[in-house]
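Worksheet: one structure, shown below.
A note on names: the letters A, B, ... follow the listed sequences, proteins ahead of strands, and every chain is numbered from 1. Note that these values count all heavy atoms, side chains included, but never hydrogens, waters or copies made by symmetry. Computed from a predicted structure; not experimentally measured.
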Number of protein chains: 4
Amino acid sequence: MSAVAEDREGGARRGRPRDANVESAILDAAVAIINEVGYNDLSIEAVASRAGVGRPTVYRRWPSKLDLVVDAVVRLSPAVSAPDTGDVFTDLVELISGTIEDMTSSSVGRAILALAGTAAADRAELADRFNEHYLVPRRAAFLATLRRGIDAGRLRADIDPDLILDLMLGAPTYRWLTTGHPIDKIAARRVVETVWSLVKA
Amino acid sequence: MSAVAEDREGGARRGRPRDANVESAILDAAVAIINEVGYNDLSIEAVASRAGVGRPTVYRRWPSKLDLVVDAVVRLSPAVSAPDTGDVFTDLVELISGTIEDMTSSSVGRAILALAGTAAADRAELADRFNEHYLVPRRAAFLATLRRGIDAGRLRADIDPDLILDLMLGAPTYRWLTTGHPIDKIAARRVVETVWSLVKA
Amino acid sequence: MSAVAEDREGGARRGRPRDANVESAILDAAVAIINEVGYNDLSIEAVASRAGVGRPTVYRRWPSKLDLVVDAVVRLSPAVSAPDTGDVFTDLVELISGTIEDMTSSSVGRAILALAGTAAADRAELADRFNEHYLVPRRAAFLATLRRGIDAGRLRADIDPDLILDLMLGAPTYRWLTTGHPIDKIAARRVVETVWSLVKA
Amino acid sequence: MSAVAEDREGGARRGRPRDANVESAILDAAVAIINEVGYNDLSIEAVASRAGVGRPTVYRRWPSKLDLVVDAVVRLSPAVSAPDTGDVFTDLVELISGTIEDMTSSSVGRAILALAGTAAADRAELADRFNEHYLVPRRAAFLATLRRGIDAGRLRADIDPDLILDLMLGAPTYRWLTTGHPIDKIAARRVVETVWSLVKA
DNA sequence: TTATAAACGAGACGGTACGTCCTGTCTTTTA
DNA sequence: TAAAAGACAGGACGTACCGTCTCGTTTATAA
C-alpha cells in the first residue's frame, strides 16, 4: 500500500477528491526526470512542471524529494520473478546478472543506490518503505531459488541464505561501485561459480 | 599528486602563485561540513565561508562540488595499514571490519559511497582520482595480506585475490547498503569465516 | 498608472495576486538608498534587503535597476503645483527656482539627471514613462503659468511656450550641470529677468 | 597638464619609468569601450584587457573609473574652433549645433553628460579637471564669438556673455535631456533667433 | 659595471553583486 | 475542499568585476 493512500481510509472526504491521475502523472514525471538527469539534479519544480501540476500538489502528497523518489523508484522497478530453468546454478546466474543489470544500467538504478545510502543513513521510515517494496521482493526471489536448490539436494541445508545472498550480490555490486566497470554475465557467472563451492551439497 | 597541483609543473608560472594555505583551508572546511550535514547538503557557499575565502577562490580550483568533495575525501581518508598480527585470518577480520567501520560510521564514509555512485556513473576522471587515492591503497593493503597468507602457505596459491576482496568487502557493504544495519566485528568475522574455506590451503 | 500594474486589467488573474505592500516597500527602499548613495551605487541586493523582500521579488516586477529607479523617482518626486501669487513674473521665478532646487539638492535629483541621460539614450519606453510621470506635469505647471500671463495681457500671445520653458529651465540646469555650482533664487531671477524681455507684452 | 603627469616633476625617479605608450593604450581602450557600451557598463577589467595591460597598471595611474573616464573624455573630445564666417549670427548657429551634436551623437557625448552630473555632484577635483579641459575651451570659443559680435557692433556691449551662453546652449541641451529628441540645426537656429533679439545691438 | 628600484604582465586573493533557479509556504480563483 | 496558478522570503548557484596583493621580468638611474 502506498504511503499516499493511507489517509484515504475512514470514509469519503468532503470537497474535491484527490485525482488519482495526478499521482500517476507526478510519479511518471519523476521517473522520467531521474532517467534524464539523475537523482541529484531532480527538482520538485521540474517534476511538477512536467506533470502539468502545481508544486503544492506535489508537496501535498510527498513531503520531500526523497519521499517522492522512493515512491517513484518503487513504482518503476520491474517486477521480479525467480527464474526457474530447472537448474539452480543457471537460475542464480540469471538472477544475479539481472539484478546487477537493473542496478547499473539505468539512471534509476543509480538513484536506487543513492537512495540506499541516503535513506539507510537517516530515514528509517523511508528505508523501510524502500526495503519493503524493492529489496524484500528481490531477496525473496533469490532466497526462493536457494531454497529450491536445497530441496533438490543440490545445496547444503545448513547454509545461511542471507549471507550467501550478500556474497553473490554484494561482490559484483561492490566491484561496480568501486571501479565503475560494468558487470556482465560472465563476471556474474564467475562469482556464482566461486561461491557455489561453498554451498553445493 | 593532487589534481589541483598537476598543472604547476613545467617551469615557473606567471602571476601570483596560489596560496597552499587557502587550499588546505578549503579542504578542511569541506571535510568539516560533510561531517556535519553530509554530501548532499554541502554547499560551496558554506565551504567558502567557513574557510574564510571568497567563493570564486573555490571555483578557481575546483569546478564543481563533486570535484571538491572528491579531493576532500581523499585528503581526509585515514591512512591504511595492513595489520600484521602474524595470523592472516585475524588480519583479514581486522581489515574488513576496519574498512567497513570507515565507510559506515562517519558522514564522510557515506559521502564516499555517494561519490562512488555518482563519480563512477558519469565522471570517469573523478572516479579515477578517487580510485587512485582512496580505493587502490585499500585494495593494496588487502591484497598484501592475502599474499602474505599465500606465502605462509595458509592460503591456496591459485585464488583470484580481487574476487576474494570483492566477496569479503562486498558482502558486508551490500548488507549495510541495503538494510542500513551497522556491521560489527562479529558480522565481519562471519564473512571471513565463510569465505575462508574457499581460500584456505 | 504604474507600469507594474498595467497588466492587471482585463479580468482577475489566477494565482496569488501581487502584494501592493511589497511594491511600496521596494520603492521606498529604493528611494532611501538613492538618497544615501546615489544611483550608481544602488544595488538591487541592497534594495531587496532593506525592503525585507527576496531578490527575485524585485526582479519579478522590474527587470533592471533602471526600470526600478525610474518608478522610484516617479513615486518620489514631489507634487508640482503652479504657484499663483497674482504676479506672473514672481510665479515664474518661484517655479524655476523650485524645479532647480528639486533637481540639484537631493541625490534623487541627481538620479533624475542620470536617468534623463541614460533613459533618453537607449530606453525609449523608460524615457516615456519618466516623461509622462515626471517631466510632463512639471512642463504643464510651467506652461499654465505662461498661459495665465498671456491671458492677463502681460505676455505676448505669439511666443512659443516650449521654447521659453527650455530657455528658463535649461539655462540654470546647464549652468549647474557644467559648473556644479548651486543655483539660488537670485540666479533664477536673473534668468527670468533676461528672458522676460523676450516675452513681455 | 594631465593629472597623471603631476608626480613626475622634481627630478628623475629611480627605477623603470612609466611607459607613455601604456597610458595612450589605456585611454584609447577606454574611449573605444565607452563608445561601445557607455559609461555605466565600462569596466576597468575590460579597459585593461583591451589595452593589453595588467589591471594594477591602470589603478597605478587612475584611482577610479571616474578619474580614468574623465581623462579619456578629455583626450577624446574634438578640438573646438570658433567658426568665423564673417557673420556672427551664422557663427553662433554653427557653434551651438556643433556642440549639441557632440553631446548627443556619440556614446562619449552621453558619457560626458553622465560625468557632468556625477563629477559635479561629489568630486570637485574631477569636475575641475573636466571643466578645465573640456568645458572651458568650449565656453571660450563661444564667448570669443560673442565678443566678435560686440566688437563688430552687432551685439549690445552690456550683455552678460555667460548668461547668453547658458541660454543658447542650455535650452537645446535641456530639450534633448528631457525629451530625448535629437536637436538638429533648425532647432539650434530657432534658439539663436529667439535669443538674438536680447543681444542684438 | 652592478645594485637598486620602479613599472610591467599576469593572475590569485577576499569580496560584493549580479541575475537565475529552486525551495517550501502562502493566497487566490476555478472546479 | 482540492487543484492550478503563481507570488512570497529565502538561499545557493556560478559569473563578472572590484581593488589589493604577490610573483617573475624588464628597464631605467644611482652607486
- Item | For atom OH of A/Tyr59 and atom P of E/dC26, their distance in whole Å | 13 Å

- Query: Between E/dA7, F/dC8, F/dC13, which nucleotide gets closest to the side-chain atoms of B/Glu45?
  - Reply: F/dC13

- Note on the structure: Rounded to whole Å, the CG-P distance (C/Leu42 to E/dC18) equals 8 Å

- Query: Within this structure, what is the CG-to-P distance between C/Asp67 and E/dG19, rounded to whole angstrom?
  - Reply: 11 Å

- Message: I'd like to check D/Glu23 versus D/Arg18 (side-chain heavy atoms, cut-off strictly below 4.5 Å). Are they in contact?
- Response: no

- Query: Would one find a side-chain N or O of C/Arg55 under 4.0 angstrom from OP1 or OP2 of F/dG10?
  - Reply: no

- Message: Side chains of A/Leu68 and A/Tyr59, heavy atoms from C-beta outward: is any pair under 4.5 Å?
- Response: no

- Task: In whole angstrom, give the distance that lies between atom CD of C/Glu23 and atom C1' of F/dA7.
- Result: 13 Å

- In terms of side-chain heavy atoms of B/Val22, which of F/dG11, E/dC8, E/dC13 is nearest? E/dC13

- NA contact type, A/Gly54, heavy-atom cut-off 4.0 Å: base, sugar-phosphate, or nothing? sugar-phosphate

- Query: D/Arg60 CZ to E/dG9 P: how many Å, rounded?
  - Reply: 8 Å

- Query: B/Asp19 CG to E/dG14 P: how many Å, rounded?
  - Reply: 7 Å

- Note on the structure: The residue, C/Asp41 or B/Ala51, whose nearest nucleotide of DNA chain E is more 5′ is B/Ala51

- From F/dA4, F/dC17, E/dG19, nucleotide with atom closest to A/Val53 side chain: F/dA4

- Item | Flag side-chain contact, heavy atom, 4.5 Å: D/Val69 against D/Trp62 | no

- Hey, does the side chain of D/Arg16 come within less than 4.0 Å of E/dA6's phosphate (OP1/OP2), counting only N and O? no

- Task: Tell me which of B/Lys65 and C/Pro17 sits closer to the 5' end of DNA chain F, going by the nucleotide each one is nearest to.
- Result: C/Pro17

- Under-4.0 Å side-chain N/O to phosphate OP1/OP2 contact, B/Thr57 with E/dA12: no

- Message: OP1 or OP2 of E/dC13 versus the side-chain N and O atoms of B/Arg61: is any pair under 4.0 Å?
- Response: yes

- Task: Considering only NZ, NE, NH1 and NH2 on the basic side and carboxylate oxygens on the acidic side, decide whether C/Arg75 and C/Asp28 come within less than 4.0 Å.
- Result: yes

- Query: Does B/Arg14 make a side-chain N or O approach to OP1 or OP2 of F/dT25 shorter than 4.0 Å?
  - Reply: no

- Rounded to whole Å, the CG-P distance (B/Asn40 to F/dA12) equals 14 Å

- Message: Between C/Lys65 and C/Ser43 (side chain of the first, backbone of the second, donor and acceptor by atom type, cut-off under 3.5 Å), is there such a pair?
- Response: no

- Distance in angstrom units between C/Ile44 CD1 and F/dA9 C1', rounded: 17 Å

